[in-house]
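See structure below.
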Amino acid sequence: MIKYDLHTHSTASDGTLTPTELVHRAKEQRVDVLALTDHDTVAGIEEAITAANAHSISLIPGVEISSQWQNTGIHIIGLDIDIQSNELLAQLQQLQTLRITRAQEMGHRLAKEGIPGAYQGALQYTREENLTRTHFARFLVAQGQAHSISSVFKHYLIQGKPGYVKTEWPILEEVVQWIKTAGGIAILAHPARYKFTASKMRRLLQDFKDQGGVGIEVAHGNGNRDETANNIKLAEQFELRASIGSDFHDPAIPWSELGRLPRLPADLPTVWDNGFQRSTAIYP
Ligand code: AMP
Ligand code: MN
Ligand code: MN
Ligand code: MN
């Protein structure tokens, strides 16, 4: 039984492990095929490939791209992408610029709320082009503004809260196209997290499919059985291939350990059925 984990983060975005440490931990957790999918960047991939070769793990080059559909932020995983694709790299660079501007604005808004220095504070943890809300959350927890990352999100960083900045992420259709141009496959990440009604989810999936989307993440680290069962139904209904990934960020978060994912029904078509062209090794 090959163990897959196709959605993970490193210090190249908002994970706490370097790509090397991530691969090492994946090996310890007996993951055979690992995709590194940092937010809007492929900066960690080369290091991950080197580490994967040393640990005989198959590393799939990936990315998690921020997009929007009908005014809602939607995350699209690109797997098996060519990280040298000029088109993809140029687009990711634009997203990184957008992240810098957004982070500066978040800093201003938090300062108005009496929390100065948040932009510089968040920058302790990463480069400016990779700043995410998670880095602000870490800084606010370190400052004693809240007890946990999730409570910072709840009180400061989600829509309607003082540190939230609406971002014009690229539309879904464009993002799917960039992934295809880079030779990869597009997968809808964590569908349940968008909190859509069933009919809105069906509309999203139909659009995604029409635009060339290939897969749907049916199980992730923080998911539950009902959610997975529902996602599997959607995968079947829309003929999308199933993917699984822990969305691992941090070893201190126990429910999203690398490779800790449910087994899928044997007859369910998956994103790995046809193999990955850019996998670093054939495993096992
Ligand atoms: P960003 O892409 O900068 O908007 O940041 C999004 C990231 O923040 C996600 O990838 C998660 O890692 C993290 N995140 C979002 N919502 C929450 C939450 N409620 N609690 C903890 N982390 C969250
Ligand atoms: Mn994240
Ligand atoms: Mn996500
Ligand atoms: Mn993620």
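What's counted below: heavy atoms across the whole structure, side chains too, no hydrogens, waters or symmetry copies. In this chain, residues are counted from 1 in sequence order. Numbering of ligands and ligand atoms starts at 1, following listing order.
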*List the closest protein heavy-atom neighbour of atom 2 (O) of ligand 1: residue, atom name, distance to the nearest 0.1 Å.*
Arg99 NH2, 2.9 Å
*What's the count of protein N, O or S atoms under 2.8 Å from the Mn ion (ligand 3)?*
3
*For the pair His190 and His7, name the ring-plane relationship: parallel under 30°, tilted 30 to 60°, perpendicular over 60°.*
tilted
*Should the heavy atoms of other residues, nucleotides or ligands under 6.0 Å from NZ of Lys200 be counted, would the total exceed 12?*
yes
*Kindly confirm whether the Mn ion (ligand 2) is within less than 2.8 Å of some N/O/S atom in His249?*
yes
*Contact check, Arg102 vs ligand 1, heavy-atom distance below 4.0 Å*: yes
*Restricting to N, O or S atoms of Asp14, which is nearest to the Mn ion (ligand 2)?*
OD2
_Do His135 and Gln124 pair up side chain to side chain, a donor and an acceptor below 3.5 Å, judged on atom types alone?_
no
*Nearest candidate to atom 23 (C) of ligand 1, where distance is taken over non-hydrogen atoms, out of Trp169, Phe153, Phe136, Tyr164*: Phe153
*What protein heavy atom sits nearest atom 6 (C) of ligand 1, and how far off is it?*
Arg133 NH2, 3.9 Å
*Can you tell me which residue pairs pass the salt bridge (Lys or Arg N to Asp or Glu O under 4.0 Å) test with a partner in residues 111-138, sequence neighbours excluded?*
Arg127-Glu129
*asked:* Checking His9 against Asp247: is there a side-chain donor and acceptor pair closer than 3.5 Å?
replied: yes
*asked:* Side chain, backbone, both or neither: which applies to His9 and ligand 1 if a contact is any heavy-atom pair less than 4.0 Å apart?
replied: neither
_Regarding atom 12 (O) of ligand 1: of the candidates Lys154, His249, His135, which has the closest heavy atom?_
His249
*Answer yes or no: does atom CD of Glu173 have more than 12 heavy-atom neighbours from other residues, nucleotides or ligands under 6.0 Å?*
no
*Please could you name the atoms of ligand 1 that Asp14 approaches to less than 4.0 Å, counting only its heavy atoms?*
7 (C), 10 (O), 12 (O)
*asked:* Between Thr228 and Asn231, do the side chains contain a donor N or O and an acceptor N or O under 3.5 Å apart?
replied: no
*For ligand 1, is Glu64 a contact, meaning one of its heavy atoms is under 4.0 Å away?*
no
*asked:* Under 3.5 Å, is there a donor on one side chain and an acceptor on the other for His220 and Glu227?
replied: yes
*Could you list the atoms of ligand 1 found under 4.0 angstrom from a heavy atom of Thr134?*
7 (C), 8 (O), 12 (O), 13 (C)
*Can you check whether Ser66 has an N/O within less than 3.5 Å of an N/O in ligand 1?*
no
*Quick one: sort the Trp69 and Phe196 rings into parallel, tilted or perpendicular, breaks at 30° and 60°.*
tilted
*Return the orientation label for the His24 and His55 ring planes: parallel under 30°, perpendicular over 60°, tilted otherwise.*
tilted
*Among Met201, Lys209, Arg203, Arg202, whose side-chain contact (heavy atoms from CB on, under 4.5 Å) with Leu205 holds?*
Met201
*asked:* Assess, by modelled atom type and distance only, whether the side chains of Thr181 and Glu87 contain a donor and an acceptor separated by less than 3.5 Å.
replied: no
